[in-house]
**Student:** 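Supplied in structure tokens, the structure appears directly below.
For the numbers below, each heavy atom of this structure counts, side chains included, while hydrogens, waters and symmetry mates do not. Chain A is the first sequence line, chain B the second, and so forth, proteins listed ahead of strands; every chain is numbered from 1.
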Number of protein chains: 2
Amino acid sequence: MSARPAETDQPAKEPRRKGRLHTSTVDALHRMIVTGDLEPGQKLREQELCERLGVSRTPLREALRTLAAQGLVQLTQNRGAEVAPLTLADITALFDVVGSLEALAARLACKAMTDEAIAEIGVLHYRMMLHHVRDELPDYFALNQQIHRAIIEGAQNPVLLGVWEALAARVERAKYLPNLQPNRWKAAMHEHDAMLAALVARDGNELGRLMEAHFHNGLAAILAANGAEAPPETAVDGSA
Amino acid sequence: MSARPAETDQPAKEPRRKGRLHTSTVDALHRMIVTGDLEPGQKLREQELCERLGVSRTPLREALRTLAAQGLVQLTQNRGAEVAPLTLADITALFDVVGSLEALAARLACKAMTDEAIAEIGVLHYRMMLHHVRDELPDYFALNQQIHRAIIEGAQNPVLLGVWEALAARVERAKYLPNLQPNRWKAAMHEHDAMLAALVARDGNELGRLMEAHFHNGLAAILAANGAEAPPETAVDGSA
DNA sequence: ATGCTGTATTTTGCATACAAGTTTGAAAAG
DNA sequence: CTTTTCAAACTTGTATGCAAAATACAGCAT
């Protein structure tokens with residue numbers, strides 16, 4: 001379903017197919033924000049984005065409202081939009097919530113998933129491991145994301161899926177901040193080993209515990225990496 | 001259609017203050033959907049809503065996008081918007097997620113809240129109890145909501161607050177479905193008693209457990225009330 | 001020199017106009 | 001009588017124009 005064609009496009013003013021402008025505008029902005037192409041706190045002037053994306057202000061504004069509801073953009077009355085800041089405090093808060101949701105998903109998935117679906121996750125797991133030993137980071141990331149998504153979908157709870165998808169975008173933003181150190185990478189793989197074992201054993205509580213810990217470790221890595229080397233504007237916690 | 005309540009505001013075409021049209025449109029639609037004034041599954045034709053709310057299509061469409069991102073409205077390409085259906089399966093899923101989030105909030109709040117804030121919740125609690133013995137349901141509901149919100153805010157996690165607010169709207173929708181039986185009401189009050197005790201004791205795990213159970217009991221009441229007496233169109237689980 | 005004020009420019013918010021897609025219904029063919 | 005086709009009406013999607021708010025800046029007063 002979510003398999004999108006590679007499509008690196010950042011379309012300038014190519015005359016798109018006539019429908020689906022709103023959707024593709026949302027996606028384009030979504031990517032730009034997640035990848036950091038648009039930086040946290042950056043002011044988003046409508047006219048400028050319109051030219052960049054090749055759409056008029058109406059669909060652009062609708063896209064901004066959608067993204068604002070997802071927490072990627074911040075709107076202020078009569079003062080326009082800016083990319084939502086991403087402070088370390090925000091990231092901490094975010095990981096607490098997502099960790100909790102994944103733990104819930106784990107418990108539900110262990111009850112609801114079919115043996116076949118679990119086996120498919122096993123396949124993904126070993127493919128991911130392959131990318132790990134080959135040092136192919138982007139592919140590793142993609143598989144990692146797919147595994148987490150599969151577990152969430154395995155919970156068979158549409159509300160959970162919807163909330164998770166919205167938050168996953170922000171998690172992705174956080175992942176683009178630091179360079180993932182090899183140490184953390186290796187540790188993450190081991191954590192995934194344990195997670196798969198728990199899933200196969202259908203031990204929901206254990207899997208939940210593991211996933212929550214997995215998330216907290218990822219958070220710690222991000223905090224460590226950025227607390228030391230981040231430029232001041234990036235993400236210092238906003239006491240003001 | 002359904003009888004609308006008093007209807008003091010709901011401005012027809014009064015020339016509003018020039019700003020804030022978008023926000024108030026979102027709020028108005030929000031209320032209409034939550035209260036059931038707009039029924040689940042109902043098709044939302046833009047022109048009709050424009051006349052009813054006294055705005056043009058542009059801000060209305062922006063509002064619909066916002067509500068869609070919050071899960072109150074469902075959009076389909078070139079086929080417009082409809083009020084998101086609210087099946088019993090949806091409600092079950094929703095309560096699982098919100099219960100889990102409130103449990104998280106409980107753990108965090110027990111650590112983060114000041115004594116003063118906890119005391120304020122105590123005040124709200126006893127005011128709510130007063131409305132209970134006086135049989136004042138709407139006031140009870142309002143206080144109940146305030147207490148839950150105060151605990152979420154006490155967790156001091158802006159992400160959690162944002163997610164919870166979006167989901168709370170859907171929970172409200174569910175509450176408007178059945179007539180709350182007096183039995184459930186009484187039980188809910190007792191559960192709140194225990195919750196307050198755990199909060200004062202700052203026992204986060206216990207409070208989390210209690211709040212999750214509180215939610216599940218509420219869900220069971222709704223399911224029971226509707227499984228038996230709901231009209232077929234309302235909320236039968238949507239296999240389709 | 002500094003602070004304030006009024007005006008010009010920019011930018012957002014809303015409304016309307018136009019284009020493209022979808023639905024409906026009636027007429028014609030089987 | 002049923003089914004198919006096609007066009008008219010309606011609905012949504014997008015672009016543009018206009019008004020109000022905010023910002024920037026120059027000129028003035030202190």
**Student:** Over how many whole Å does the gap from B/Glu51 atom CD to D/dC10 atom C1' extend?
**Tutor:**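 Value for this atom pair: 14 Å.
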**Student:** Looking only at side-chain atoms of A/Arg79, point me to the closest of D/dA22, C/dT12, D/dT14.
**Tutor:** D/dA22
**Student:** Taking atom CG of A/Leu29 and atom CG of A/Leu64, what is their separation to the nearest 0.5 Å?
**Tutor:** 6.0 Å
**Student:** Report the nucleotide, chosen from D/dT16, C/dT16, D/dT12, that has the shortest atom-to-atom distance to any side-chain atom of B/Ser56.
**Tutor:**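 Side chain of B/Ser56 sits closest to C/dT16.
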**Student:** Below 4.0 angstrom, N of the basic side chain to O of the carboxylate: do B/Arg65 and A/Glu62 qualify?
**Tutor:** yes
**Student:** Roughly how far, to the nearest 0.5 Å, is the NE2 atom of B/His125 from the CG atom of B/Asn144?
**Tutor:** 10.5 Å
**Student:** Considering every strand and a 4.0 Å limit on heavy-atom distances, what is the contact class for A/Leu44: base, sugar-phosphate, or nothing?
**Tutor:** sugar-phosphate
**Student:** If you look at every strand shown and take non-hydrogen atoms under 4.0 Å, does B/Arg57 touch a base, only sugar-phosphate, or nothing?
**Tutor:** base
**Student:** Rounding to a whole Å, what distance do you find between B/Lys43:NZ and C/dT24:C1'?
**Tutor:** 13 Å
**Student:** In whole Å, I'd like the distance from the CD atom of A/Gln77 to the C1' atom of D/dA20.
**Tutor:**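 These atoms are roughly 11 Å apart.
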**Student:** Is the distance from OP1 or OP2 of C/dT12 to the nearest side-chain N or O of A/Arg61 less than 4.0 Å?
**Tutor:** no
**Student:** Can you tell me how far C1' of D/dT14 sits from CD of B/Glu62, to the nearest Å?
**Tutor:** 13 Å
**Student:** May I have the distance from A/Glu48 (atom CD) to C/dT10 (atom C1'), rounded to whole angstrom?
**Tutor:** 13 Å
**Student:** Take atom CG of A/Leu60 and atom C1' of D/dG13, then tell me their distance rounded to the nearest Å.
**Tutor:** 15 Å
**Student:** Would you call B/Arg173 and B/Asp90 a salt bridge, taking side-chain N to carboxylate O under 4.0 Å as the test?
**Tutor:** no
**Student:** If you find the nucleotide of DNA chain D closest to B/Thr58 and the one closest to B/Arg45, which residue's nucleotide is nearer the 5' end?
**Tutor:** B/Arg45
**Student:** Are B/Gln42 and B/Glu82 side-chain neighbours, meaning at least one heavy-atom pair lies under 4.5 Å?
**Tutor:**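 With C-beta onward as the side chain, the pair stays apart.
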**Student:** Closest approach to the side chain of A/Glu46, judged atom by atom: which nucleotide of C/dA15, D/dT14, C/dG13 is it?
**Tutor:**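 Between C/dA15, D/dT14, C/dG13, the one nearest the side chain of A/Glu46 would be C/dG13.
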**Student:** I need the CD-C1' distance between A/Gln47 and D/dA15, as an integer number of Å.
**Tutor:** 13 Å
**Student:** Nearest to the side chain of B/Asn78 - C/dG13, C/dT22, D/dT14?
**Tutor:** C/dT22
